[in-house]
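Both counts, for ligands and for their atoms, begin at 1 and track the order of listing. Note that this is a predicted model, so its numbers are computed, not measured.
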Amino acid sequence: MIIDCHGHYTTEPADLKRFRAEQTKAVEKRTTPPSRASLKISDDEIRDSLEGAQLKLQRERGTDVTIFSPRASGMGHHIGDESVSLEWSQVCNDLIHRVCTLYPQNFIGVCQLPQSPGVPPQHSAAELERCISELGFVGCNLNPDPSGGYFNSPPLTDKWWYPFFEKMVELDVPAMIHVSGCCNPAMHTTGSYYLNADTMAFMQLILSDLFKDFPTLKLIIPHGGGAVPFHWGRFRGLALNNGRPELIEIIKNNIFFDTCVYHQPGINLLTEVVPVDNILFASEMVGAVKGIDPKTGFNFDDTKRYVDHAPKLSDADRHKIFEGNARKVFSRLKTRAAMKAAV
Ligand SMILES: [Zn+2]
(Lines give C-alpha, C1' and ligand atoms only; values in the text may rest on other atoms or scores of the structure.)
Protein backbone atom coordinates (compact mmCIF):
# COMPACT_ATOMS: atom_id res chain seq x y z
CA MET A 1 0.00 0.00 0.00
CA ILE A 2 1.17 3.52 -0.76
CA ILE A 3 0.07 6.16 1.72
CA ASP A 4 0.38 9.79 0.66
CA CYS A 5 0.54 11.61 3.98
CA HIS A 6 0.08 15.15 2.66
CA GLY A 7 -2.86 16.15 0.49
CA HIS A 8 -5.22 19.12 0.73
CA TYR A 9 -8.72 19.61 -0.59
CA THR A 10 -7.69 22.24 -3.14
CA THR A 11 -10.56 21.50 -5.51
CA GLU A 12 -13.34 22.45 -3.11
CA PRO A 13 -16.86 23.02 -4.43
CA ALA A 14 -17.66 26.64 -5.30
CA ASP A 15 -20.06 27.21 -2.43
CA LEU A 16 -17.30 26.72 0.13
CA LYS A 17 -15.38 29.57 -1.49
CA ARG A 18 -18.57 31.68 -1.53
CA PHE A 19 -19.03 31.03 2.19
CA ARG A 20 -15.45 32.00 3.02
CA ALA A 21 -15.57 35.13 0.83
CA GLU A 22 -18.74 36.26 2.62
CA GLN A 23 -17.29 35.40 6.01
CA THR A 24 -14.13 37.40 5.25
CA LYS A 25 -16.19 40.33 4.00
CA ALA A 26 -18.31 40.25 7.15
CA VAL A 27 -15.12 40.45 9.23
CA GLU A 28 -13.92 43.47 7.26
CA LYS A 29 -17.25 45.31 7.22
CA ARG A 30 -18.30 44.18 10.71
CA THR A 31 -21.54 42.81 9.34
CA THR A 32 -23.36 39.53 10.00
CA PRO A 33 -21.40 36.53 8.75
CA PRO A 34 -23.03 33.90 6.52
CA SER A 35 -24.78 31.07 8.33
CA ARG A 36 -23.48 27.56 8.16
CA ALA A 37 -26.94 26.48 7.07
CA SER A 38 -26.50 28.58 3.92
CA LEU A 39 -23.81 26.19 2.67
CA LYS A 40 -25.13 24.05 -0.15
CA ILE A 41 -22.73 21.35 -1.25
CA SER A 42 -24.15 18.10 -2.59
CA ASP A 43 -22.43 14.72 -2.51
CA ASP A 44 -22.32 14.83 -6.32
CA GLU A 45 -20.44 18.12 -6.23
CA ILE A 46 -17.92 16.57 -3.86
CA ARG A 47 -17.54 13.57 -6.15
CA ASP A 48 -17.12 15.82 -9.20
CA SER A 49 -14.46 17.85 -7.42
CA LEU A 50 -12.35 14.77 -6.74
CA GLU A 51 -12.95 12.34 -9.59
CA GLY A 52 -11.05 14.35 -12.20
CA ALA A 53 -8.33 15.44 -9.80
CA GLN A 54 -7.06 13.65 -6.67
CA LEU A 55 -8.76 10.31 -7.42
CA LYS A 56 -7.62 10.34 -11.04
CA LEU A 57 -4.06 11.09 -9.99
CA GLN A 58 -4.10 8.40 -7.30
CA ARG A 59 -5.06 5.88 -9.97
CA GLU A 60 -2.58 7.15 -12.56
CA ARG A 61 0.34 7.32 -10.17
CA GLY A 62 -0.40 4.14 -8.27
CA THR A 63 -0.92 5.60 -4.82
CA ASP A 64 -3.67 4.15 -2.65
CA VAL A 65 -4.74 6.46 0.09
CA THR A 66 -4.23 10.16 0.85
CA ILE A 67 -4.16 11.62 4.32
CA PHE A 68 -6.34 14.57 3.49
CA SER A 69 -6.84 17.97 5.08
CA PRO A 70 -8.45 21.30 4.19
CA ARG A 71 -6.56 23.60 1.83
CA ALA A 72 -3.59 24.82 3.89
CA SER A 73 -3.30 28.23 2.29
CA GLY A 74 -7.01 28.67 2.96
CA MET A 75 -6.83 28.13 6.74
CA GLY A 76 -6.24 31.88 7.06
CA HIS A 77 -5.84 31.94 10.82
CA HIS A 78 -5.08 35.65 10.69
CA ILE A 79 -8.56 36.46 9.33
CA GLY A 80 -11.02 37.58 12.00
CA ASP A 81 -10.95 36.44 15.59
CA GLU A 82 -11.03 33.10 17.32
CA SER A 83 -14.74 32.59 16.70
CA VAL A 84 -14.32 33.17 12.96
CA SER A 85 -11.43 30.71 12.89
CA LEU A 86 -13.49 28.11 14.78
CA GLU A 87 -16.49 28.44 12.48
CA TRP A 88 -14.31 28.19 9.37
CA SER A 89 -12.28 25.27 10.73
CA GLN A 90 -15.39 23.30 11.61
CA VAL A 91 -16.93 23.92 8.19
CA CYS A 92 -13.71 22.77 6.48
CA ASN A 93 -13.22 19.76 8.76
CA ASP A 94 -16.82 18.63 8.30
CA LEU A 95 -16.33 18.80 4.54
CA ILE A 96 -13.19 16.64 4.79
CA HIS A 97 -15.24 14.19 6.84
CA ARG A 98 -17.80 14.02 4.02
CA VAL A 99 -15.00 13.30 1.53
CA CYS A 100 -13.66 10.52 3.74
CA THR A 101 -17.15 9.08 4.20
CA LEU A 102 -17.78 9.05 0.44
CA TYR A 103 -14.36 7.55 -0.32
CA PRO A 104 -13.24 5.63 2.78
CA GLN A 105 -10.66 3.65 0.78
CA ASN A 106 -9.04 6.76 -0.71
CA PHE A 107 -9.01 9.47 1.94
CA ILE A 108 -8.34 9.66 5.64
CA GLY A 109 -8.88 12.94 7.44
CA VAL A 110 -6.49 15.36 9.09
CA CYS A 111 -7.94 18.51 10.62
CA GLN A 112 -7.42 22.22 10.41
CA LEU A 113 -7.19 23.86 13.84
CA PRO A 114 -9.10 26.97 14.92
CA GLN A 115 -5.93 28.87 15.77
CA SER A 116 -5.91 32.64 15.92
CA PRO A 117 -3.08 35.15 16.50
CA GLY A 118 -2.31 35.57 20.18
CA VAL A 119 -4.84 32.95 21.27
CA PRO A 120 -3.41 30.13 23.42
CA PRO A 121 -3.09 26.93 21.37
CA GLN A 122 -4.99 24.93 23.98
CA HIS A 123 -8.12 26.61 22.64
CA SER A 124 -7.71 24.32 19.61
CA ALA A 125 -7.76 21.17 21.72
CA ALA A 126 -11.54 20.76 21.65
CA GLU A 127 -11.74 20.84 17.85
CA LEU A 128 -8.83 18.40 17.64
CA GLU A 129 -10.66 16.05 19.98
CA ARG A 130 -13.91 16.39 18.01
CA CYS A 131 -12.16 15.55 14.74
CA ILE A 132 -10.26 12.59 16.15
CA SER A 133 -12.94 11.10 18.36
CA GLU A 134 -16.09 11.89 16.38
CA LEU A 135 -14.93 12.22 12.76
CA GLY A 136 -12.27 9.48 12.78
CA PHE A 137 -9.41 11.77 11.75
CA VAL A 138 -5.82 10.69 12.40
CA GLY A 139 -3.87 13.94 12.86
CA CYS A 140 -3.84 17.71 12.53
CA ASN A 141 -2.07 20.54 10.77
CA LEU A 142 -0.52 22.83 13.37
CA ASN A 143 0.30 26.37 12.27
CA PRO A 144 3.48 27.73 13.93
CA ASP A 145 2.61 31.24 12.70
CA PRO A 146 -1.11 32.09 12.83
CA SER A 147 -0.23 35.73 12.01
CA GLY A 148 0.14 34.75 8.36
CA GLY A 149 3.74 35.71 7.80
CA TYR A 150 5.00 37.81 10.70
CA PHE A 151 6.40 34.99 12.89
CA ASN A 152 5.37 36.60 16.17
CA SER A 153 4.19 33.50 18.05
CA PRO A 154 6.35 31.91 20.71
CA PRO A 155 8.57 29.12 19.34
CA LEU A 156 6.97 25.67 19.18
CA THR A 157 9.17 24.66 22.07
CA ASP A 158 7.71 27.32 24.39
CA LYS A 159 5.37 26.24 27.21
CA TRP A 160 2.69 28.28 25.35
CA TRP A 161 2.16 25.24 23.14
CA TYR A 162 2.40 22.56 25.84
CA PRO A 163 -1.30 22.15 26.70
CA PHE A 164 -2.00 21.48 23.03
CA PHE A 165 0.85 18.95 22.80
CA GLU A 166 -0.59 17.25 25.89
CA LYS A 167 -3.87 16.79 24.04
CA MET A 168 -2.06 15.40 20.98
CA VAL A 169 -0.19 12.92 23.14
CA GLU A 170 -3.38 11.92 24.93
CA LEU A 171 -5.11 11.28 21.59
CA ASP A 172 -1.95 9.73 20.13
CA VAL A 173 -1.97 11.83 16.95
CA PRO A 174 0.83 13.59 15.08
CA ALA A 175 0.83 17.15 13.76
CA MET A 176 2.14 18.36 10.47
CA ILE A 177 3.76 21.76 11.08
CA HIS A 178 2.06 23.76 8.34
CA VAL A 179 1.58 27.48 7.88
CA SER A 180 -1.25 28.97 5.85
CA GLY A 181 -1.56 31.70 3.25
CA CYS A 182 0.93 34.53 3.61
CA CYS A 183 -0.18 38.13 4.04
CA ASN A 184 3.36 39.45 4.30
CA PRO A 185 4.14 40.74 0.79
CA ALA A 186 7.82 39.90 1.20
CA MET A 187 7.09 36.19 0.97
CA HIS A 188 5.45 34.00 -1.63
CA THR A 189 3.13 31.55 0.12
CA THR A 190 4.24 28.19 -1.28
CA GLY A 191 7.62 29.31 -2.61
CA SER A 192 9.15 30.97 0.41
CA TYR A 193 6.77 31.18 3.40
CA TYR A 194 6.13 27.43 3.62
CA LEU A 195 9.81 26.56 3.36
CA ASN A 196 10.87 29.31 5.75
CA ALA A 197 8.41 28.04 8.36
CA ASP A 198 9.58 24.45 7.93
CA THR A 199 13.19 25.48 8.40
CA MET A 200 12.35 27.68 11.38
CA ALA A 201 10.45 24.89 13.12
CA PHE A 202 13.35 22.46 12.77
CA MET A 203 15.85 24.87 14.29
CA GLN A 204 13.50 25.55 17.21
CA LEU A 205 13.04 21.85 17.84
CA ILE A 206 16.67 20.77 17.75
CA LEU A 207 17.77 23.29 20.38
CA SER A 208 15.05 22.33 22.85
CA ASP A 209 14.10 19.69 25.38
CA LEU A 210 10.60 19.40 23.94
CA PHE A 211 10.90 15.69 23.29
CA LYS A 212 12.25 15.06 26.77
CA ASP A 213 9.00 16.55 28.02
CA PHE A 214 6.93 14.74 25.35
CA PRO A 215 8.77 11.55 24.38
CA THR A 216 5.90 10.31 22.20
CA LEU A 217 5.07 13.61 20.46
CA LYS A 218 5.35 13.25 16.68
CA LEU A 219 5.80 16.22 14.37
CA ILE A 220 6.04 16.10 10.59
CA ILE A 221 7.95 18.85 8.85
CA PRO A 222 6.56 19.00 5.32
CA HIS A 223 8.03 20.03 1.98
CA GLY A 224 11.06 17.84 2.55
CA GLY A 225 11.96 19.81 5.66
CA GLY A 226 12.48 23.15 3.90
CA ALA A 227 16.20 23.93 3.85
CA VAL A 228 17.03 21.20 6.36
CA PRO A 229 18.43 18.39 4.18
CA PHE A 230 20.57 20.73 2.09
CA HIS A 231 21.99 22.45 5.19
CA TRP A 232 22.14 19.35 7.39
CA GLY A 233 25.77 20.06 8.22
CA ARG A 234 24.94 23.55 9.44
CA PHE A 235 22.11 22.31 11.64
CA ARG A 236 24.20 19.43 12.94
CA GLY A 237 27.11 21.74 13.74
CA LEU A 238 24.84 24.21 15.50
CA ALA A 239 23.25 21.41 17.53
CA LEU A 240 26.65 20.05 18.61
CA ASN A 241 27.98 23.55 19.35
CA ASN A 242 25.01 24.02 21.66
CA GLY A 243 25.64 20.82 23.57
CA ARG A 244 22.88 18.93 21.82
CA PRO A 245 23.11 15.33 20.64
CA GLU A 246 23.57 14.25 17.01
CA LEU A 247 20.59 15.26 14.86
CA ILE A 248 19.66 11.67 14.17
CA GLU A 249 19.29 11.13 17.93
CA ILE A 250 17.19 14.27 18.32
CA ILE A 251 14.79 13.47 15.49
CA LYS A 252 14.69 9.69 15.96
CA ASN A 253 11.23 9.10 17.42
CA ASN A 254 9.78 12.55 17.05
CA ILE A 255 10.55 14.48 13.85
CA PHE A 256 9.63 13.30 10.39
CA PHE A 257 10.02 14.78 6.92
CA ASP A 258 7.82 14.28 3.89
CA THR A 259 8.80 13.86 0.25
CA CYS A 260 7.13 16.98 -1.16
CA VAL A 261 10.28 17.91 -3.03
CA TYR A 262 9.68 18.29 -6.71
CA HIS A 263 12.83 17.05 -8.42
CA GLN A 264 14.98 13.94 -8.41
CA PRO A 265 18.20 15.44 -6.99
CA GLY A 266 16.20 16.83 -4.05
CA ILE A 267 14.78 13.43 -3.17
CA ASN A 268 18.20 11.84 -3.66
CA LEU A 269 19.64 14.28 -1.14
CA LEU A 270 16.76 13.88 1.31
CA THR A 271 17.03 10.09 1.31
CA GLU A 272 20.81 10.21 1.63
CA VAL A 273 20.90 12.69 4.52
CA VAL A 274 17.80 11.97 6.60
CA PRO A 275 17.39 8.47 8.10
CA VAL A 276 14.89 6.44 6.08
CA ASP A 277 12.87 5.79 9.25
CA ASN A 278 12.10 9.52 9.42
CA ILE A 279 10.78 10.00 5.88
CA LEU A 280 7.11 9.73 4.89
CA PHE A 281 5.86 9.60 1.34
CA ALA A 282 3.81 12.63 0.27
CA SER A 283 3.01 14.61 -2.84
CA GLU A 284 0.85 17.55 -1.69
CA MET A 285 -1.22 17.13 -4.82
CA VAL A 286 -3.15 18.87 -6.22
CA GLY A 287 -1.94 22.38 -6.31
CA ALA A 288 1.23 23.41 -4.52
CA VAL A 289 3.21 23.33 -7.75
CA LYS A 290 1.00 22.66 -10.72
CA GLY A 291 2.01 21.49 -14.16
CA ILE A 292 4.38 19.27 -16.02
CA ASP A 293 8.14 19.52 -15.82
CA PRO A 294 9.15 20.09 -19.45
CA LYS A 295 12.44 18.31 -18.81
CA THR A 296 10.87 15.05 -17.62
CA GLY A 297 7.39 15.17 -19.13
CA PHE A 298 5.90 14.32 -15.73
CA ASN A 299 4.11 16.46 -13.18
CA PHE A 300 6.35 18.19 -10.68
CA ASP A 301 4.24 16.77 -7.85
CA ASP A 302 4.43 13.17 -9.09
CA THR A 303 6.80 12.44 -6.23
CA LYS A 304 6.39 8.66 -6.28
CA ARG A 305 8.64 8.56 -9.35
CA TYR A 306 11.47 10.27 -7.49
CA VAL A 307 11.25 7.84 -4.58
CA ASP A 308 11.12 4.92 -7.02
CA HIS A 309 14.33 6.16 -8.66
CA ALA A 310 16.30 7.33 -5.62
CA PRO A 311 19.55 5.36 -5.94
CA LYS A 312 20.34 4.88 -2.25
CA LEU A 313 17.05 3.20 -1.36
CA SER A 314 16.52 -0.55 -1.01
CA ASP A 315 13.11 -2.12 -1.51
CA ALA A 316 12.79 -2.35 2.27
CA ASP A 317 13.57 1.37 2.54
CA ARG A 318 10.91 2.19 -0.03
CA HIS A 319 8.37 0.14 1.85
CA LYS A 320 9.10 2.17 4.98
CA ILE A 321 8.75 5.46 3.12
CA PHE A 322 5.60 4.47 1.24
CA GLU A 323 3.74 2.74 4.04
CA GLY A 324 5.53 1.54 7.16
CA ASN A 325 6.58 4.89 8.56
CA ALA A 326 3.14 6.43 8.01
CA ARG A 327 1.54 3.58 9.95
CA LYS A 328 4.01 4.23 12.76
CA VAL A 329 3.50 7.99 12.87
CA PHE A 330 -0.26 7.98 12.29
CA SER A 331 -0.90 5.27 14.84
CA ARG A 332 -4.65 5.70 14.42
CA LEU A 333 -4.42 4.29 10.90
CA LYS A 334 -4.63 0.93 12.69
CA THR A 335 -8.01 1.82 14.09
CA ARG A 336 -9.08 3.10 10.70
CA ALA A 337 -8.06 -0.14 9.00
CA ALA A 338 -10.01 -2.06 11.60
CA MET A 339 -13.01 0.20 11.05
CA LYS A 340 -12.85 -0.43 7.31
CA ALA A 341 -12.62 -4.16 7.79
CA ALA A 342 -15.69 -4.01 10.02
CA VAL A 343 -17.60 -2.08 7.34
ZN1 LIG B 1 0.51 21.26 2.43
Side-chain angles (χ1 to χ4, degrees), residues 3-12 16 20 49-50 53-54 57-58 61 63 65-78 88-89 92-93 95-96 99-100 106-113 115 131 137-146 148-149 156 173-183 187-202 218-229 255-263 266-267 270 279-291 299-304 306-307 326 329-330:
I3 301 169
D4 183 342
C5 81
H6 186 176
H8 303 292
Y9 196 5
T10 50
T11 53
E12 323 93 316
L16 186 77
R20 180 58 164 170
S49 72
L50 297 162
Q54 289 87 352
L57 294 173
Q58 280 183 354
R61 298 177 185 181
T63 62
V65 59
T66 302
I67 295 180
F68 206 51
S69 58
R71 180 193 289 267
S73 63
M75 297 189 294
H77 293 122
H78 56 281
W88 175 232
S89 297
C92 290
N93 291 333
L95 189 60
I96 293 296
V99 168
C100 299
N106 299 90
F107 298 103
I108 292 174
V110 152
C111 66
Q112 168 179 330
L113 296 168
Q115 294 175 256
C131 292
F137 287 15
V138 298
C140 60
N141 290 333
L142 180 64
N143 187 346
D145 177 32
L156 289 166
V173 292
M176 181 171 279
I177 305 301
H178 206 311
V179 287
S180 184
C182 191
C183 52
M187 283 182 287
H188 182 277
T189 292
T190 52
S192 45
Y193 182 39
Y194 281 17
L195 304 183
N196 291 348
D198 302 338
T199 309
M200 175 190 78
F202 186 74
K218 294 183 179 68
L219 302 175
I220 302 158
I221 303 187
H223 321 113
V228 172
I255 303 178
F256 301 85
F257 299 89
D258 78 9
T259 62
C260 294
V261 177
Y262 294 156
H263 68 150
I267 291 290
L270 174 73
I279 301 174
L280 308 183
F281 173 69
S283 69
E284 205 176 20
M285 59 98 167
V286 185
V289 177
K290 290 196 185 96
N299 285 80
F300 283 104
D301 63 8
D302 187 355
T303 53
K304 178 172 172 293
Y306 312 133
V307 177
V329 173
F330 292 91

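Side chains of Glu284 and Pro222 form no contact here, defined as non-hydrogen atoms less than 4.5 Å apart.
Paired with Thr66 under the rule side chain to side chain donor-acceptor pair (under 3.5 Å), one option of Gln54, Gln58, His6 passes, and it is Gln58.
By the 30° and 60° cut-offs, the orientation of the rings of His223 relative to His178 is perpendicular.
Looking at Asn143 and Ser180, their side chains never bring a donor and an acceptor atom within 3.5 Å of each other. Residues Ser69 and Asn141 have side chains that bring a donor and an acceptor to within less than 3.5 angstrom of each other.
Ring to ring, Tyr194 and His188 are not that close: their centroids are 6.0 angstrom or more apart.
The number of protein N, O or S atoms lying under 2.8 Å from the Zn ion (ligand 1) is 4.
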